[in-house]
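Step one of this worksheet: look at the structure below.
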Protein chains: 2
Amino acid sequence: MRADAKKNFDHLLATARDVVAEHGADASLRDVARRADVGLGTLYRHFPTREALLDALLRSTFDELTAKADELGKTSSPTDALTIWLRDCVAGATQIRGITPLMMTAMEDPESALHASCVTMRAAGARLLARAQDEGSAREDLDGGDLFALVGALAWLGDLPATASRAGHLLEVVTSAVLTR
Amino acid sequence: MRADAKKNFDHLLATARDVVAEHGADASLRDVARRADVGLGTLYRHFPTREALLDALLRSTFDELTAKADELGKTSSPTDALTIWLRDCVAGATQIRGITPLMMTAMEDPESALHASCVTMRAAGARLLARAQDEGSAREDLDGGDLFALVGALAWLGDLPATASRAGHLLEVVTSAVLTR
DNA sequence: AGAATAATCGGAGCAGTGCTCCGAATATAT
DNA sequence: ATATATTCGGAGCACTGCTCCGATTATTCT
């Protein structure tokens, strides 16, 4: 990678973080390029799709979440592990406003740049869920996809002004529905 | 209202129903006007905002839902009433793909054409919830807004291809969390 | 009936979007 | 210093929501 290319890449990423923090996941890509003092073509070469850009912004968060799932699976009780991980997961997805629809869509689209991260996270959650189910402390009629859907829905509520303030409480309610004791 | 105006109004509404069924709530309004063989200005005069158009499409459904809530409040047990109404409510909101974000936003914006309908529905749900709470069969730490949020989130899941098939089941899970026995 | 009027129509126009494409600029290798 | 391969940047296309206003037409009045 050429030196100037890397410079632009890094600068774009940093600028994108700001712009996305302000305007959410549907932020204008033109705006990102403008504020990074870079041509639109440059942005699109480094990040061919919006998903690619968002993936670059979220990759570290997502990796931490899957790592944390595995760690919790060893150090905490099945119930605690699920509770904590669900909370962190929702918090992670709430990092970027408006990303939940993209994540859910990416689940079914192998071409999406977000696909891999999402599938990995779903699997990590599924392991925690299975552990709790084996112990008898989680509903049997749920799978990893269901858990992911619930996380997405709760993160979605956290994004909306009308429901953001209650999202935390609703997370508790839903968690209590997943757990059987 | 002039005769030609009424003709266009009705025709626009019918066309909008088709287009929205195909492309969801973010359908191109230009497209609606085109397919109705009507100028763009005509569409915007009859329906100044997208919300106004969607409200016209959903008004009857919403009215039926609030009516049904009141009826269920008299004829069914608190538990049954809530269960049935939640199901119908989600089904109603799933009628138009992508309308849930608009509904949630409308809750907080008195200017929105959808505001009135949404507030009325929330109130209807709140009454059913309160009845169940009085009987001790619903969680005490929920209010009408929470119920509305949960309905919205479930309808949202019903809209997404990745989760649509499990939305029905997740509705059961959430319902069981709202009800305490 | 014919004319005056007021309501309605329809689309040009503006500012914005995502995305592509390619000539110009430039970093790197020779 | 020259040649080459990469990278740059923005013009351009097709679309969007939305406004505005001259032309058209239904209705009313004489």
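In what follows, chains carry the letters A, B, and so on, assigned in the order in which the sequence lines appear, proteins first and then strands, with residues in each chain numbered from 1. Quick caveat: nothing in here was measured; it's all calculated off a predicted structure.
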Q. Relative to the ring of B/Trp156, is the ring of A/Trp156 parallel (under 30°), tilted (30 to 60°) or perpendicular (over 60°)?
A. parallel
**Q.** SG-CD distance between B/Cys118 and B/Glu51, expressed to the nearest 0.5 angstrom
**A.** 10.0 Å
Q. Is the closest side-chain donor-acceptor distance between B/Ser28 and B/Arg34 under 3.5 Å?
A. no
Q. Between A/Asp55 and A/Ser117, does a side chain to side chain donor-acceptor pair (under 3.5 Å) hold up when you go through it step by step?
A. CA-CA 8 Å; A/Asp55 182 58; A/Ser117 303; 3.2 Å; yes
(Q) Looking at B/Glu22 and B/Arg35, is any side-chain nitrogen of the basic one under 4.0 Å from a carboxylate oxygen of the acidic one? (A) yes
Q. D/dG17 P sits how many Å from B/Leu54 CG, rounded?
A. 12 Å
Q.
Whole angstroms only, please: what is the CG-P distance between A/Asp10 and D/dT7?
A. 14 Å
Q. Atom CG of A/Leu53 to atom P of C/dC19: distance rounded to whole Å?
A. 11 Å
Q. Is there a donor-acceptor contact under 3.5 Å linking the side chains of A/Asp109 and A/His115?
A. no
(Q) Checking B/Arg87 against B/Thr175: is there a side-chain donor and acceptor pair closer than 3.5 Å? (A) no
Q | Nearest-0.5 Å distance that lies between atom CG in B/Leu179 and atom OG1 in B/Thr83 | A | 5.0 Å
Q.
Among residues 37-51 of chain A, which ones have heavy-atom contacts with DNA chain D below 4.0 Å?
A. A/Val38, A/Gly39, A/Leu40, A/Gly41, A/Thr42, A/Arg45, A/His46
Q: Give the rounded distance in Å between these two atoms: NE2 of B/His11 and P of C/dT8.
A: 19 Å
**Q.** Reference residue B/Asp4; test side-chain hydrogen bond (donor to acceptor under 3.5 Å, both in side chains); the match among B/Lys6, B/Lys7, B/Arg2
**A.** B/Arg2
Q: Would you indicate, yes or no, if C/dC9 has its OP1 or OP2 atom less than 4.0 angstrom from a side-chain nitrogen or oxygen of B/Asn8?
A: yes
**Q.** Polar side-chain atom of B/Trp85 near backbone of B/Leu65 as donor-acceptor pair, under 3.5 Å
**A.** yes
Q.
Counting only heavy atoms and a strict 4.0 angstrom limit, can you tell me which residues of residues 21-34 of chain B come near DNA chain D?
A. B/Ala27, B/Ser28, B/Leu29, B/Arg30, B/Arg34
Q. Quick one: do A/Arg97 and A/Asp159 make a salt bridge, cutoff under 4.0 Å?
A. no
Contacts under 3.5 Å, N or O only, protein and nucleotides 27-30 of chain D:
residue : atom : partner : partner atom : Å
D/dT27  : OP1  : B/Ala3  : N            : 3.4

